[in-house]
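The next block holds one structure in the form of structure tokens; read it before the comments.
Protein chains get the first letters and strands the later ones, always in sequence-line order, with residue 1 at the start of each.
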Amino acid sequence: MGIKNLHKLLRKWENVIQERNIQDFAGKKIAIDISILVYQIVIAIRNTGTDLVNTNGDITSHLLGIFNKTISMLEKGIYPVYVFDGKPPNMKNSILKSRREQRKKAKLKMKQADNKEDKIKYFKRSVVVTKKQLNECSQLIQLMGIPVVNAPQEADSQCAQLAKDGLVYGVSTEDMDILTFGSPRIIRNLSSKKKEIIQIDLEKILKKLELNYLQFIDLCILLGCDYCTTIPGIGMKKAYQLIKQFGSIETFIESLNETDIKKEYENLNKSLVPENYNYRNTSNYFQNPIVKDSKQINLQWTEPDYDKILEFMVSQFGFNKSKIQKGIARLRRAYNSLNKNNKQIPHYIC
DNA sequence: GTGGTCC
DNA sequence: TCGTCTGTCTCAAGACCAC
DNA sequence: TGAGACGGACGAA
């Protein structure tokens with residue numbers, strides 16, 4: 001879900017949101033939240049109204065998608081790192097619960113739908129990516145020689161940590177809260193063919209908006225994030241204005257005790273701070289999420305195990321042999337080309 | 001370039 | 001009237017290949 | 001699921 005309206009707010013400053021070409025990322029290491037990617041792939045394939053299913057009745061859409069996508073990234077010279085979710089933090093419980101309910105509703109509506117269009121619409125909304133499917137993706141990715149990081153909690157914050165510690169150049173995601181977690185860089189629409197690729201640097205945001213990192217976190221909390229409720233009557237304009245005026249949510253709320261300011265803001269917009277407004281915990285979570293220490297992580301891109309990929313995809317999951325062989329040939333070329341370039345630049349910058 | 005197909 | 005917030009609606013979300 | 005477009009609501013100037 002990310003940060004509400006952050007993208008919209010940032011558009012008001014020039015050069016904060018930068019347009020990029022895919023070639024700009026050649027030779028760069030990019031962290032990717034796998035679950036978002038898999039969701040996108042499975043939903044897109046559901047356009048036709050069905051999943052890809054093998055003779056055992058197992059869904060295989062995710063594997064085909066990850067296989068193709070990984071090859072195409074390597075062909076473009078990108079070194080992907082796939083990050084898997086662990087156990088979600090308690091702070092996210094309410095959001096996860098509402099998502100589950102939404103899916104349940106969608107499933108029901110799908111059954112009740114009386115035309116094909118509605119059926120597909122709700123079919124897509126009721127997508128669930130299972131642990132088993134993610135494990136299968138992990139196996140395939142590792143056979144392809146791509147590093148995998150298993151986050152203790154959220155993949156988001158783990159991706160941000162990898163970027164913060166310089167293990168990757170940036171994070172490819174649509175989720176703006178990667179910046180709130182302190183990633184120096186977000187790359188949006190990296191694998192989109194229709195939308196422009198954009199890059200947003202945290203440092204540029206702080207400089208242009210004249211905020212420090214803690215103030216930026218407070219701004220994101222005011223705008224609205226996954227972990228905290230919002231204050232009614234405060235949208236993107238007032239959120240930025242308040243942080244500039246008071247410096248922090250803390251100071252703003254304390255100032256509300258001073259009668260003149262309290263009066264001013266109550267008269268202005270009737271905004272009242274919610275009773276259980278846990279902005280402190282939220283800020284703390286953005287600053288110190290539970291992540292794996294980068295010192296324990298050794299990212300290595302190794303030669304794919306071509307035979308095992310063939311065995312995995314064809315024998316185990318029933319994919320068409322010649323199609324997979326074609327993919328493997330592309331993979332081999334991409335790997336060799338990356339390997340060659342990599343040798344020329346022994347200490348290339350991530 | 002587009003629509004059908006991938007399993 | 002203007003600015004701002006908010007709710008509602010809509011759309012599209014992969015990759016390859018044959019034609 | 002999200003993000004953009006759009007119109008309505010509401011207070012300020």
- prompt: Using a cut-off of 4.0 Å on non-hydrogen atoms, how would the nucleic acid contact of Arg46(A) be classed: base, sugar-phosphate, or nothing?
  reply: nothing
query: Which part of the nucleic acid, if any, lies within contact of Lys69(A), taking any heavy atom under 4.0 Å across all strands shown: a base, the sugar-phosphate backbone alone, or nothing?
result: sugar-phosphate
- prompt: Taking NZ, NE, NH1 and NH2 as the nitrogens, is one of them in Arg46(A) or Asp51(A) under 4.0 Å from a carboxylate oxygen of the other?
  reply: yes
- request: Could you check Gln142(A) against Ser138(A) for side-chain hydrogen bond (donor to acceptor under 3.5 Å, both in side chains), going step by step and ending with a plain yes or no?
  value: CA-CA 6 Å; Gln142(A) 288 177 74; Ser138(A) 180; 3.0 Å; yes
- request: Would you tell me if any nitrogen or oxygen in the side chain of Lys237(A) comes within less than 4.0 Å of OP1 or OP2 on dC5(C)?
  value: no
- prompt: Aromatic ring centroids of Tyr82(A) and Trp301(A) under 6.0 Å?
  reply: no
task: Report yes if a side-chain nitrogen or oxygen of Arg330(A) is closer than 4.0 Å to either non-bridging phosphate oxygen (OP1 or OP2) of dC16(C); otherwise report no.
output: yes
- prompt: When rounded to the nearest Å, what value does the distance between P atoms of dA13(C) and dT2(B) take?
  reply: 13 Å
message: Could you spell out the base pairing of DNA chain C as a dot-bracket line? Use Watson-Crick and G-U wobble contacts where both distances are under 3.5 Å, [ ] for crossing pairs, | for partners on a different strand.
response: |||||.||||||.||||||
- line: Against the side chain of Glu174(A), the closest entry in dA3(D), dC7(B), dA15(C) is dA3(D)
dC6(B) phosphate, OP1 or OP2, under 4.0 Å from Lys323(A) side-chain N/O: no
field: Nearest-nucleotide pick for Val53(A), side chain only, options being dT4(C), dC7(B), dG14(C)
entry: dC7(B)
Phe317(A)/Phe319(A) aromatic ring centres below 6.0 Å: no
- request: For dT8(C) versus dA9(D), give the span between their P atoms, rounded off to a whole number of Å.
  value: 12 Å
task: Using whole Å, report how far CG of Asp177(A) lies from P of dG2(D).
output: 10 Å
query: To the side chain of Gln102(A), which of dC7(B), dT1(D), dC5(C) is closest?
result: dT1(D)
- prompt: Between His7(A) and dG4(D), is there a side-chain N or O to OP1/OP2 distance below 4.0 Å?
  reply: yes
query: Contact class for Asn320(A) vs. all strands (heavy atom < 4.0 Å): base, sugar-phosphate, or nothing?
result: sugar-phosphate
- request: Please tell me which of the listed nucleotides, dC7(B), dC17(C), dC6(B), lies nearest to the side chain of Ile45(A)?
  value: dC6(B)
query: The side chain of Thr48(A) lies closest to which of these nucleotides: dG14(C), dG2(D), dT5(B)?
result: dT5(B)
Closest nucleotide among dC7(B), dA3(D), dA15(C) to the Lys193(A) side chain: dA15(C)
message: Taking the ring of Phe67(A) and the ring of Phe312(A), is the distance between their centroids below 6.0 Å?
response: no
query: Base, sugar-phosphate, or nothing: which does Gly65(A) touch, judged by heavy atoms less than 4.0 Å apart?
result: nothing
query: OP1, OP2 of dA13(C) versus side-chain N and O of Arg125(A): anything below 4.0 Å?
result: no
- prompt: Do Asp58(A) and Thr60(A) get their side chains close enough for a donor-acceptor pair, meaning under 3.5 Å?
  reply: no
statement: Whole-Å distance, Ile41(A) CD1 to dC16(C) P, equals 12 Å
query: Quick one: Tyr240(A) OH to dG3(C) C1', roughly how many Å, whole number?
result: 18 Å
query: Roughly how many Å is it from NZ in Lys194(A) to P in dA15(C), rounded to a whole number?
result: 10 Å
statement: Looking only at dC5(C), dC7(B), dG2(D), the nucleotide nearest the Lys238(A) side chain is dC5(C)
task: Looking at every strand, decide which applies to Phe317(A) at a 4.0 Å heavy-atom threshold: base, sugar-phosphate, or nothing.
output: sugar-phosphate
message: Distance check, P atoms only: dT1(D) and dC16(C), in whole angstrom units.
response: 27 Å
query: Ion pair present between Lys92(A) and Glu154(A), side-chain N to carboxylate O less than 4.0 angstrom?
result: yes
task: Would you kindly give the CG-to-P distance between Asn189(A) and dA3(D), to the nearest whole Å?
output: 10 Å
- line: Between CD of Gln241(A) and C1' of dG3(C) the distance, given in whole Å, is 11 Å
task: Using atom CZ of Phe312(A) as one end and atom P of dC7(B) as the other, report the distance to the nearest whole Å.
output: 15 Å
task: Apply the test salt bridge (Lys or Arg N to Asp or Glu O under 4.0 Å) to residues Lys208(A) and Glu14(A): give CA-CA distance (whole Å), side-chain angles for both, the deciding distance (0.1 Å), then the verdict.
output: CA-CA 9 Å; Lys208(A) 294 264 180 176; Glu14(A) 271 184 26; over 6 Å; no
query: To the nearest Å, how far apart are Leu9(A) CG and dG4(D) P?
result: 13 Å
- request: Measure from the side-chain heavy atoms of Ala44(A) and tell me the nearest of dA13(C), dC6(B), dG2(D).
  value: dA13(C)
field: salt bridge (Lys or Arg N to Asp or Glu O under 4.0 Å) between Glu136(A) and Lys132(A), worked out
entry: CA-CA 6 Å; Glu136(A) 289 160 1; Lys132(A) 183 169 166 274; 3.3 Å; yes
